[in-house]
J.: 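Got a structure for you, written out below as structure tokens; questions coming shortly.
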Amino acid sequence: MNPRKLVIGNWKMNGSVPRLRSFAALAAAAPGGCPAALCVPYPLLPAAQTLLAATPLLWGAQDCSAEDEGAHTGEVSARMLAELGVRYVIVGQSERRAAHGETDGQVALKARRALAAGLTPVVCIGESAEERDAEQTALALRRQLLQLARTLGRELGAVVLAYEPVWAIGSGQALAPGLIDDTHAVIAELLAFHAGLPAGTVPILYGGSVNARNAQAILGRQQVAGVLVGGASLEAADFMAIWQAAAHQGREVSGIGA
Ligand code: PGA
């Protein structure tokens, strides 16, 4: 697995230009060699481009349209995001699936549009509390991955996946690191079986109540390629601590030493 762990922040419907400025100030002294991106609301993207361009911190978006262009009021295309220097775009985050009725099929189409525009989609998958209670986690993940494999074919190898147990998001209760490892291993097996992608081809992030205190233990897990961080990505000091933890793991894994 690539030892460089990836940190993606999801600001959701939060943030401001002054907040971005405080991130830019801290990011100037960021750990090298370990990619990190902040996915901000659309109106903040031009400011992100201006303020972060000279720092190692990348910027991204939280959604994109499943369409290329045309009569889709309120939608934003992946190509428009690419023009604003966006590198990563989150698709299928559970709040969009729940509040906007996004289906597995639509999420897969969004990922395809993002890839076509040269962006890296961070595709969120995960089980609901009901599915977990019914011991249907693997089944739910399989359903979501099958749709991605069907729509994307070999291109599935170019996405980043984020495993986010829906019940863990914003709850303060991250999944235990050992269980994260186990579930990531299940996802890797499903990718190998249904998409012919060998383990390690698709980076699998973990998301759901990651914070500055638990990041090190989660990022230390072999199967975890990085983290998708919501609430804790809003405070520059917390985000930087998580980024530092990721950089530290990267060095440990590649044997360069801390
Ligand atoms: P959280 O959000 O870190 O606040 O749980 C994660 C996410 O929704 O991506």
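Each ligand, and each atom within it, is numbered from 1 in the order the structure gives.
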J.: How far is atom 7 (C) of ligand 1 from the closest protein heavy atom, and which atom is that?
T.: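 Closest protein heavy atom to atom 7 (C) of ligand 1: E164 OE2, 3.1 Å.
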J.: Begin with the C-alpha distance, continue with both residues' side-chain angles, and end with the deciding distance and a verdict on side chain to side chain donor-acceptor pair (under 3.5 Å) for Y163 and E127.
T.: CA-CA 9 Å; Y163 167 57; E127 81 283 4; 2.9 Å; yes
J.: Specify the protein heavy atom at minimum distance from atom 4 (O) of ligand 1: its residue, its atom name, and the distance to 0.1 Å.
T.: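 For atom 4 (O) of ligand 1, the nearest protein heavy atom is G231 N, 2.9 Å.
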J.: May I ask you to list the atoms of ligand 1 that are less than 4.0 angstrom from any heavy atom of L228?
T.: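 Going through ligand 1 atom by atom, the ones under 4.0 Å from L228 are 9 (O).
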J.: Identify the closest protein heavy atom to atom 8 (O) of ligand 1: which residue and atom is it, and at what distance?
T.: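 So the nearest neighbour among protein heavy atoms is Q93 NE2, 2.5 Å.
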J.: Can you check whether G207 has an N/O within less than 3.5 Å of an N/O in ligand 1?
T.: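 Looking only at distances, the answer is no, because the N/O contact criterion of under 3.5 Å is not met.
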J.: Does ligand 1 have any atom that is closer than 4.0 Å to a heavy atom of A232?
T.: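 Judged by the 4.0 Å heavy-atom criterion, A232 does not count as contacting ligand 1.
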J.: Using 4.0 Å as the upper bound for N to carboxylate O, is an ion pair formed by K110 and E75?
T.: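 A salt bridge is absent here (no side-chain N lies under 4.0 Å from a carboxylate O).
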J.: Under 4.0 Å from a heavy atom of K12: give me the atoms of ligand 1 that qualify, with their elements.
T.: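 Answer for ligand 1: 2 (O), 7 (C), 8 (O).
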J.: Within the 3.5 Å criterion, strictly below it, is a donor on S128 or E130 matched to an acceptor on the partner's side chain?
T.: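 Yes, a side-chain donor-acceptor pair sits under 3.5 Å.
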J.: Please state which part of I169 comes within less than 4.0 Å of ligand 1, counting heavy atoms only: side chain, backbone, both or neither.
T.: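 The answer is both.
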J.: Out of all atoms in ligand 1, which are within 4.0 Å of some heavy atom of G208? Include the element for each.
T.: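 Going through ligand 1 atom by atom, the ones under 4.0 Å from G208 are 5 (O).
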J.: State whether E102 and R96 are salt-bridged, where the test is any N-O pair (Lys NZ or Arg NE/NH1/NH2 against Asp/Glu carboxylate O) under 4.0 Å.
T.: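 R96 and E102: salt-bridged.
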J.: Quick check: do L161 and I187 have side-chain heavy atoms less than 4.5 Å from each other?
T.: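 In short, these two side chains touch, coming nearer than 4.5 Å.
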J.: Whether R112 and E155 form a salt bridge (side-chain N of Lys/Arg under 4.0 Å from carboxylate O of Asp/Glu) is what I want to check.
T.: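 No, E155 and R112 are not salt-bridged.
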J.: Are E131 and R143 ion-paired here, with the side-chain N under 4.0 Å from a carboxylate O?
T.: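 R143 and E131: salt-bridged.
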J.: What do you reckon, are the aromatic ring centroids of F239 and W11 less than 6.0 Å apart?
T.: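 No; W11 has its ring centre 6.0 Å or more from that of F239.
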J.: With a cutoff of 4.0 Å, is G170 in contact with ligand 1, counting heavy atoms of the residue only?
T.: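 Right, G170 reaches ligand 1.
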J.: Below the 3.5 angstrom mark, is there an N/O of S171, backbone or side chain, next to an N/O of ligand 1?
T.: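 Looking only at distances, the answer is no, because the N/O contact criterion of under 3.5 Å is not met.
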J.: Return the closest protein heavy atom for atom 3 (O) of ligand 1 as residue, atom name and distance.
T.: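 Sorting protein heavy atoms by distance from atom 3 (O) of ligand 1 puts G230 N, 2.8 Å first.
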